[in-house]
Amino acid sequence: MRTRSAAVSAKLPVLWHGGDYNPEQWLKYPEVLREDLRLMKLAGVNALSVGIFSWAALEPEEGRFEFEWLDAVFDSLEQNGQKVILATPSGGKPNWMAAKYPEIRRVDEKGQRDLQRARHNHCFTSPVYREKATTINTKLAERYGKHPALVMWHVSNEYSGECHCVLCMEAFRGYLREKFGTLEALNDAYWSRFWSHTYTAWEQIEAIDPSVHGLVLDWKRFVTRQTNAFLEVETAPLRKITPGVPITINMMGTFPGLDYQAMAGHVDVISWDSYPAWHRAGDDAHEGMRTAYMHDVNRGLKGKPFLLIESTPSHVNWQPLSVPKRPGMHRTASLQAVAHGSDGVLYFQWRKSRGSAEKFHGAVVDHVGHENTRVFQDVATVGADLAKLSAGPNGGVTGMSTPAEVGLIYDWENRWAIDASQQARNEGKDYEPTVQAHYKAFWARGIPVDIVASTADFAGYKVVVAPMLYMLRPGVAEALKAFVAGGGTLVATYMTGWTNENDLVHLGGWPGGGLQELFGIWVEELDALADGMTQRVRAVDGNALGLMGVYEARQLAEVVHLRGATAAATFMDEFYAGTPAVTVQTYGKGRAIYVASRNNAEFMDALGAGLRKSCELRGTFENVALPAGISATYRSDGVADYVFVMNFSRLDQTVKLDAATYHDALDDKAVAGSVTLKAYETRVLTRAAR
Ligand code: GAL
């Protein structure tokens, strides 16, 4: 679908550029605050996240509030041409509060209450913390709700973690009672006669027992649920007092601790913090692919544009090694986010702090304090780029959709279930890298992909890829069947349909849950290959997927029996030599493809080529093979396309263009035939929508 979503805020209907701004740290340095305003203009900054960790400055003593400094920040930014993304301060609680109300400090699994330190460590169930957050959020909304600079709420900071205090455990039991009704139903769902874990009273559910996998999953679901409950407490006054101001939280990619697919509905805008490890391995193409994937995960959470709300202008201070971005990399990393659906580029942090943990973290403004640094100039270049990309009709690329014909399933609950499972190969289960390996085959071809939960609506896709869909949540098997019956192509792999949503195994063989009928196969067992061992996969002559020759599998391979499907490739080694390695079955108007082993990059590439051809998938360019390390994707509103061509390699590269008429949106020149990209260079081309 080629559409345009409304901009995040009508007050700033362009691509956003800015970042985390901590003026509360500099109140004793008024000359620095004045200089910030001058520098923000030079950097082309239009939006700043303010107040993220300001609670102690806003409420220095219980019930005594100081807003004057923030009033001044709001007014001076507005006069200077910048808008404010106002944070609620719950990510860091003041010392006085932690001392007076110990219940707001988290308790670990062993019952130990945390000392006051660091951040992101409040109990999300505590009525006191909820009340304190409600009070400060109410005051912020009342005071700044009508300020012309306010464009969005940034609720808390990177919600994460869990608490095992008495209040949280009571809430957990309440959730289980609501879910199961009776202990008998819970015991059945948890298969709790195993190791004599039968629960005979709700109070017995106190520790998270890693041997009871249903319980492990429900605890993780509860943590997300309780985080959502706290988020709802935080947003209630904001929604009431400032109904028109959108709400976001800053998420962390595919952070395993929270199911963002279950949180997306609680916010208006998806935002995320992206910190790729550029230049750490010799080749940045892999990191480019991985980061593209993460952006697409975020776009998939709501199926519309998102915001890159934190990224570093140069390096971070918390990775074992963080190489400052080489020339070109900052621009390419920033434009890559926009290419994949971000309506802005924001940084952590505007200015390096003078003390404490993040004083040596990359920032737009360094301790030297002026604009004559490489990093500042790189940021200013991105500011100018974003202004150009916002300049077309209706905000240029702002709000444009990504026309994906492929839906790739990445599902948090499935990940949790795979992680919890104990099986023949526990090292290298690698769910997420496997999803990324499938993603790469499309990324390298310039084919846009949506990344979605297993419970998504598949209707708009030509192809759905469901790697390692071990756990089938309710309705998923039926939805996959309906998708294929209606003409779609489904690709699944080894480890599909083993368990239900409580992690109880489907009886009657794999893939379970009714999927044997869809794939026309029965899987008898999973072979775990020792490290270094391979299993060869030979394409069957004339197969429907265009596979050719011999490929290699490692780590995991299944013994498959045909029950109606046709083999497109067979294994060559071990006791299951000659059995199917890839199968294809026609089902209704579509096809269900099963890949029974973890195959090498050559196979994944061939599968990508086969799907592109047989499903007539539209790429960014028509009939153009992208050189290694180059990626291309596009956004469209159905009238114009913005095509991003990105070089993630250290080599200059030339990319042939197709026959469309192109215009370089950054250089404002016509382009035809080909474009040449220097190391880490990105070009943005416009054309009439196709
Ligand atoms: C983020 C966090 C920021 C800052 C940044 C440093 O995870 O939200 O507050 O600490 O990391 O990279």
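Sequence positions, counted from 1, serve as the residue numbers for this chain. Just follow the structure's listing: the first ligand is 1, and inside any ligand the first atom is 1.
- Considering only residues two or more places apart in sequence or on other chains, Lys100 meets the salt bridge (Lys or Arg N to Asp or Glu O under 4.0 Å) condition with Glu62.
- Taking the ring axis of Phe360 as reference, the NZ or CZ atom of Lys352 does not stay both within 45° of it and closer than 6.0 Å to the ring centre.
- Taking the six-membered ring for Trp, Tyr680 and Trp278 have ring centres at least 6.0 Å apart.
- How far CG of Asp20 is from CZ of Phe348: 6.0 Å, rounded to the nearest 0.5 Å.
- Applying the side chain to side chain donor-acceptor pair (under 3.5 Å) test to Tyr293 and every residue at least two apart in sequence or in another chain returns nothing.
- Near ligand 1, residues Phe53, Arg119, Asn157, Glu158, Asn250, Asp273, Tyr275, Glu310, Trp318, Phe348, Glu358, His361 each place a heavy atom inside the 4.0 Å sphere around the ligand atoms.
- In terms of the side chain to side chain donor-acceptor pair (under 3.5 Å) criterion, Ser631 has no residue partners (sequence neighbours excluded).
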